[in-house]
There are 2 protein chains.
Amino acid sequence: MVEQINQLDSVFGSLSDPTRRDILKRVSKKSMSVGQIASHYQLSFAAVAKHLKVLERAKLITKSRSGNEQIVSIAPSTLAEASNYLGNYKQLWEDRLDSLDNYLRKINKHKTRSH
Amino acid sequence: MVEQINQLDSVFGSLSDPTRRDILKRVSKKSMSVGQIASHYQLSFAAVAKHLKVLERAKLITKSRSGNEQIVSIAPSTLAEASNYLGNYKQLWEDRLDSLDNYLRKINKHKTRSH
DNA sequence: ATACTATTCAACCATATGGTTGAACAGATA
DNA sequence: TATCTGTTCAACCATATGGTTGAATAGTAT
C-alpha cells in the first residue's frame with residue numbers, strides 16, 4: 001500500500017493487540033532477549049518474533065545484539081507521543097464536560113431562583 | 001472469534017486508522033449526523049458508516065436518533081481509560097529515564113571529583 | 001400511498017494480520 | 001570444522017479489515 005504517513009497508525013495498531021501490550025509491559029520493566037520474551041507465551045517463537053517486528057516498526061521497542069542474543073528494550077519517546085495525543089483529547093473532553101456541567105449548574109440556579 | 005476480552009483492543013484498534021482519528025477529532029468538537037461526517041471524506045457513505053460502527057463498538061462514540069438523522073456524539077469516558085493506560089506507561093518511562101539520568105549524573109560527578 | 005432523505009445491511013473483493021511449520025542464518029563453543 | 005543455541009525468513013492458511021455497489025429500512029413530507 002502507500003507509505004507510512006502517520007506514526008500514530010502503527011503505534012495504536014501495535015497497542016490493539018493484548019499480546020503486544022503484554023510484551024511492552026514486560027519489556028518496560030526490564031530489557032530481555034527475544035527468547036526470554038517468547039518463553040512467556042504459548043505462541044510459537046516465530047509468532048512472538050512477528051509481534052516484536054510490529055512493535056519495532058512502530059518504534060516502540062529497539063533491539064541490540066549481545067553475542068548470541070537479541071536484546072529487546074523499550075523506546076520510551078514514541079509512546080509518549082501517543083500518550084500526548086490522547087492527553088489532548090482527554091483535555092478536550094474534560095473541557096466539554098465542564099461546559100456541560102456549567103450549563104446544568106446555570107439551569108439549576110435559574111430554576112432555584114425562579115421559585 | 002472469541003468474545004471481546006479487552007476494551008483496550010477495540011479502542012486502540014479504532015485509533016489505528018487515520019480516518020477514524022479524524023472522525024473522532026471532528027465529533028469531539030461538535031456532534032453531527034452520519035451524513036455530515038461522511039460529506040468530509042472521499043470514501044463512500046457506507047465506508048464511513050463502517051468506521052462509525054468500529055468507533056461505536058469501541059464505545060468511543062454514541063448515536064442518537066433525531067428525526068430522520070442519526071446524531072453522532074463522542075463518548076469521553078472510554079478514551080480517558082486509554083489515555084490513562086498510556087499515562088501509566090509514560091510515568092514508567094519517565095521514571096526509567098530519570099534513573100538513567102541520575103545514573104549518568106552520578107558517573108559524571110564521580111569523574112569530576114576524581115580529577 | 002408515494003416519494004424523498006438519511007441510514008443500514010448484504011454481498012463481494014483485495015489486502016492485512018496473526019498464526020503455523022520448516023528452512024536458513026549468526027554467533028558461540030567443542 | 002562441526003555443532004549447538006538463538007533468531008530470522010519464507011511459505012502457507014484462516015480470518016479480519018477496509019473498501020466497493022446495490023438493495024432494504026426508517027422517518028419525513030407530499
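We name chains A, B, ... by the order of the sequence lines, and we start the count at 1 in each one.
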Could you tell me how far apart [X] ([atom1]) and [N] ([atom2]) are, to the nearest whole angstrom?
X: D9(B); N: dG18(C); atom1: CG; atom2: P; answer: 10 Å
X: L55(A); N: dG18(C); atom1: CG; atom2: P; answer: 10 Å
X: Y41(B); N: dG18(D); atom1: OH; atom2: P; answer: 15 Å
X: E69(B); N: dT7(C); atom1: CD; atom2: C1'; answer: 10 Å
X: H51(B); N: dA16(D); atom1: NE2; atom2: C1'; answer: 14 Å
X: M32(A); N: dT7(D); atom1: CE; atom2: P; answer: 11 Å
X: F45(A); N: dG6(D); atom1: CZ; atom2: P; answer: 8 Å
X: Q70(B); N: dG27(D); atom1: CD; atom2: P; answer: 9 Å

Inset, instruction - Side chain of A47(B) only, please: which of dT7(D), dT7(C), dT20(D) is the nearest? - result: dT20(D)
Inset, instruction - Name the closest nucleotide to the A46(B) side chain, picking from dG19(D), dG18(C), dT21(D). - result: dT21(D)
Inset, instruction - Return the 5'-most residue of the pair E56(B), Q42(A) with respect to DNA chain C, ranking by each residue's nearest nucleotide. - result: E56(B)
Are any of [X]'s side-chain N or O atoms less than 4.0 Å away from OP1 or OP2 of [N]?
X: K63(A); N: dT7(D); value: no
X: K50(A); N: dT8(D); value: no
X: S44(B); N: dG19(D); value: no

Inset, instruction - Answer with base, sugar-phosphate or nothing: what part of the nucleic acid does T19(B) contact at a heavy-atom distance below 4.0 Å? - result: nothing
Quick one: does [X]'s side chain get under 4.5 Å of [Y]'s, heavy atoms only?
X: D9(A); Y: S16(B); result: no
X: F12(A); Y: R21(B); result: yes
X: R20(B); Y: L24(B); result: no

Inset, instruction - Check whether any side-chain N or O of E56(B) sits under 3.5 Å from a backbone N or O of T62(B) as a donor-acceptor pair, and report yes or no. - result: no
Legend entry - Quiz item: N68(B) side-chain donor-acceptor pair to dT28(D) base, under 3.5 Å: no
Inset, instruction - Please tell me which of R65(B) and R65(A) maps to the more 5' nucleotide of DNA chain D, matching each residue to the nucleotide holding its nearest heavy atom. - result: R65(A)
Legend entry - ILVMFWY network linking L43(B) to V72(B), side-chain heavy atoms under 4.5 angstrom: yes
